[in-house]
Amino acid sequence: MKTIIIGGVAGGASAAARLRRLDETAEIVILERGEYVSFANCGLPYYIGGAISDRENLTLQTPESFQARFRIDVRVCNEAIKIDPEAKTVTVKNLRTGETYEETYDNLILSPGAEPIKPNIAGIDSDMVFTLRNIPDTLKIKNYIAAAKPKSAVVIGGGYIGVEMAENLAEAGLDVSIVELADHLIAPLDLDMAADVHRYIKKKGIRLYLQNGVTAIRDHAVVLQKGEIPADMVILSVGVRPETALAKACGIRRNARGSIVVDSHMKTNLPDIYAVGDAVEVKDFITGNPAFVPLAGPANKQGRIAADNIAGYGSAYTGTQGSAVLKLFDMTVATTGLSEKSAKSAGIAYDKTYTYSGSHASYYPGASNMSVKVLWDKATHKLLGAQIVGFDGVDKRMDVLATAIRFGAKVTDLANLELCYAPPFGSAKDPVNMVGFVAENVISGKIKQFFWHDVEALPRDGSATLLDVRTKTEVARGMIDGFMNIPLDSLRENLHRIPKDKPVYVHCHSGLRSYIACRILTGNGYDCSNLAGGWRLYESVIHERTVPEYICTECK
């Protein structure tokens with residue numbers, strides 16, 4: 001049995017190694033048009049920034065190592081240019097010699113990946129404009145920085161790669177700006193969770209131009225819809241599209257976006273042809289709807305599943321939930337499942353909550369708080385999605401939440417999880433447990449919530465009591481208009497100041513003390529609602545929405 005794999009990164013390399021482990025006698029050929037196979041795409045920005053110093057560390061396998069360990073024939077600089085599904089042949093061009101030849105196959109796996117989108121902008125083909133997809137792209141950027149010694153860089157696009165590139169260009173000593181058409185960075189985040197990211201990244205010296213687009217690129221400048229900014233180099237990171245022209249030409253079914261349509265076994269509509277990785281349409285694990293989620297983890301799993309099925313094992317891909325994590329200097333940003341935007345788009349009736357918990361016991365040195373947002377289905381209480389922004393310990397909490405979603409947990413199940421605890425690592429009530437506690441309180445009716453986006457519409461005509469239970473010192477640093485301050489520890493002595501016949505809306509810094517205040521008030525006959533996420537979240541979102549946009553006057 002002979003299997004040809006087109007594309008030797010992530011899904012393709014994973015499929016090849018898995019197939020050999022399952023079948024020692026199979027003939028396996030990898031065709032890769034680039035110079036490298038099995039390289040660490042996700043590590044490329046960190047080589048530019050210097051965190052990865054040895055270029056060799058970016059290459060996980062070589063043609064020689066594949067041959068030595070797996071007896072796999074890896075042909076770099078060999079491009080598949082035509083597939084004949086009836087004859088079961090692939091026409092290949094050797095890019096080094098110009099020679100064209102044919103290879104037969106019994107099974108074919110397509111793993112062509114996705115290519116960076118290049119918008120139709122004047123100056124987009126300038127020598128100072130770069131995209132990042134592979135090792136040659138990385139070396140071009142690295143060499144340009146070394147030779148041209150640019151002082152400023154503009155990253156167009158604020159997704160994961162764009163933000164990672166901004167960090168690493170800053171680490172390389174450049175003055176960096178990010179231009180993003182949306183109102184916030186990192187699309188899988190909701191705006192309220194991105195607000196902390198905006199504040200932090202600006203504190204690190206990176207300028208943000210949100211809700212702004214690029215209209216032209218000139219020598220040493222990027223022209224925006226609103227203003228222009230200096231740029232000695234530009235990184236394009238506005239997204240990717242599946243690279244599936246070869247599949248289209250031979251009749252493989254694609255969707256409107258151009259992604260290859262596959263079944264749960266990674267089979268295409270043509271016999272004995274499979275497809276994996278960033279080029280394929282996947283099923284959203286939560287909604288069941290078709291999706292495009294180009295991530296390394298799913299690509300590797302899909303490669304394994306294609307190999308399983310070729311070898312006769314009934315393996316199936318059950319969907320992508322979009323679990324991802326981002327390092328931003330010392331900050332960690334992690335997501336899984338649905339955001340509010342995607343839940344609304346799917347027509348799901350959901351509820352949500354916010355918590356603000358320590359990474360480990362507060363009395364042990366080095367603790368820092370993380371902001372956690374969780375969504376759940378109102379009818380079933382099943383977890384739908386989670387977002388965390390913080391520092392230490394964010395990744396492990398998100399892994400717990402991602403696992404809970406994968407196994408169909410209810411949000412209230414989080415309260416019962418028995419997670420590892422010692423003061424240097426966590427708290428007896430872990431941040432994940434805290435989400436479960438808060439959600440149980442909401443679902444059982446022990447507490448009513450209102451949110452940062454409800455604050456402006458709260459009645460300020462005397463028909464409700466707006467109550468701030470923070471300390472006087474906290475209030476002196478800023479407060480929400482119309483709220484009366486009664487610190488929590490003196491609340492019982494001041495109940496006479498709060499009318500019982502009117503609803504009460506309460507907030508504190510994070511939502512914890514105001515929850516206690518609501519329990520006191522409810523126990524005394526009041527109708528009370530708690531501001532989820534508290535002043536901290538409200539102030540972060542409102543501040544980031546009202547900060548004047550930075551416009552470079554030097555470039556005008």
Side-chain angles (χ1 to χ4, degrees), residues 1-44 52 54-80 83 88-97 99 101-113 133-136 243 246 262 265-268 272-280 295-317:
M1 182 181 69
K2 180 178 178 181
T3 298
I4 292 180
I5 300 170
I6 300 175
V9 187
S14 178
R18 175 66 170 176
L19 186 56
R20 171 59 72 226
R21 291 193 295 270
L22 297 176
D23 187 345
E24 182 62 19
T25 64
E27 183 181 355
I28 305 170
V29 178
I30 295 178
L31 302 173
E32 170 55 52
R33 72 181 177 189
E35 300 175 53
Y36 303 89
V37 290
S38 191
F39 59 84
N41 306 66
C42 300
L44 300 180
I52 298 172
D54 189 346
R55 169 179 148 185
E56 299 301 316
N57 289 338
L58 295 174
T59 307
L60 306 177
Q61 294 282 353
T62 65
E64 294 75 21
S65 67
F66 261 118
Q67 178 60 229
R69 178 164 296 180
F70 297 109
R71 294 297 186 267
I72 292 172
D73 181 5
V74 178
R75 305 175 192 175
V76 296
C77 299
N78 277 250
E79 182 179 11
I83 299 169
K88 298 187 80 169
T89 61
V90 177
T91 304
V92 187
K93 183 176 183 180
N94 186 318
L95 300 179
R96 287 173 174 158
T97 67
E99 172 198 6
Y101 62 95
E102 280 191 353
E103 285 285 347
T104 61
Y105 67 84
D106 296 304
N107 292 286
L108 179 65
I109 301 176
L110 303 182
S111 182
R133 182 188 184 188
N134 51 37
I135 291 178
E243 191 167 355
L246 186 64
V262 293
H265 302 296
M266 310 313 299
K267 292 181 179 179
T268 70
D272 303 314
I273 299 180
Y274 298 75
V276 302
D278 294 352
V280 306
L295 292 172
N300 278 276
K301 292 179 182 66
Q302 291 159 15
R304 180 184 176 92
I305 288 166
D308 283 354
N309 285 285
I310 289 172
Y313 297 89
S315 186
Y317 189 67

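Side chains included, hydrogens not; waters and symmetry mates left out as well; all remaining heavy atoms used. All residue numbers refer to positions in the sequence shown, counting from 1.
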Under a 4.5 Å cut-off applied to non-hydrogen side-chain atoms, are Ile83 and Tyr105 in contact? yes

Between Lys2 and Thr104, is there a donor-acceptor pair closer than 3.5 Å when you use the side chain of the first and the backbone of the second? yes

Is it true that, when you exclude Arg69 itself, more than 12 heavy atoms of the residues, nucleotides or ligands shown sit nearer than 6.0 Å to its CZ? no

Would you say Val76 and Arg96 make side-chain contact, with heavy atoms under 4.5 Å? yes

Taken in chain and number order and not counting sequence neighbours, the residues that satisfy side-chain hydrogen bond (donor to acceptor under 3.5 Å, both in side chains) with Asn309 are His265

Inter-residue atom distance Glu103.CD - Ile4.CD1, 0.5 Å rounding: 5.0 Å

Interatomic distance, Arg33 atom CZ to Asn134 atom CG [nearest 0.5 angstrom]: 9.0 Å

List the atom of Glu35, the atom of Cys77, and the distance in Å for their closest heavy-atom pair. CG-SG, 3.9 Å

Here the pair of heavy atoms bringing Ala306 nearest to Ile109 is CB-CD1, 4.3 Å

How long is the straight-line distance from CZ of Arg20 back to CD1 of Ile28, given to the nearest 0.5 Å? 4.0 Å

For Asp272, side-chain hydrogen bond (donor to acceptor under 3.5 Å, both in side chains) partners two or more places apart: Lys88

From CG (Leu95) to CZ (Arg75), nearest 0.5 Å: 13.5 Å

Output yes when a side-chain donor or acceptor of Asn57 lies under 3.5 Å from a complementary backbone atom of Arg55, and no otherwise. no

Exam field: side chain Ser111 to backbone Gly277, donor-acceptor pair closer than 3.5 Å: no

Given 3.5 Å as the limit, does a donor-acceptor pair link the side chain of Gln67 with the main chain of Ile72, or not? yes

For Ile305 versus Ser315, what's the shortest heavy-atom pair and its separation? CG1-OG, 3.3 Å

4.5 Å side-chain heavy-atom contact, Leu44 and Ile135: yes

Heavy-atom nearest pair, Val90 first then Ala80, reads CG1-CB, 3.7 Å

Taking only residues two or more places apart in sequence or in another chain, which ones pass side-chain hydrogen bond (donor to acceptor under 3.5 Å, both in side chains) with Thr62? Glu64, Ser65

Are the side chains of Tyr274 and Val262 in touch, meaning some heavy atoms are under 4.5 Å apart? no

Sub-4.5 Å side-chain heavy-atom contact between Val37 and Pro63: yes

Heavy-atom nearest pair, Phe39 first then Arg133, reads CE1-O, 3.9 Å

Calculate, to the nearest 0.5 Å, the distance between atoms CD1 and CD1 belonging to Ile5 and Ile30 respectively. 5.0 Å

Checking the side chain of Asn300 only, and the main-chain atoms of Ala296 only, is there a donor and an acceptor separated by less than 3.5 Å? yes

Could you report the tightest heavy-atom contact between Pro112 and Ala279, atom names first, then the distance? CG-CB, 3.6 Å

Would you compute the distance between atom OG1 of Thr3 and atom CD of Glu27 and round it to the nearest 0.5 angstrom? 9.0 Å

Determine whether Glu32 and Val74 satisfy the following criterion, side-chain contact (heavy atoms from CB on, under 4.5 Å), listing intermediate values before the conclusion. CA-CA 8 Å; Glu32 170 55 52; Val74 178; 5.5 Å; no

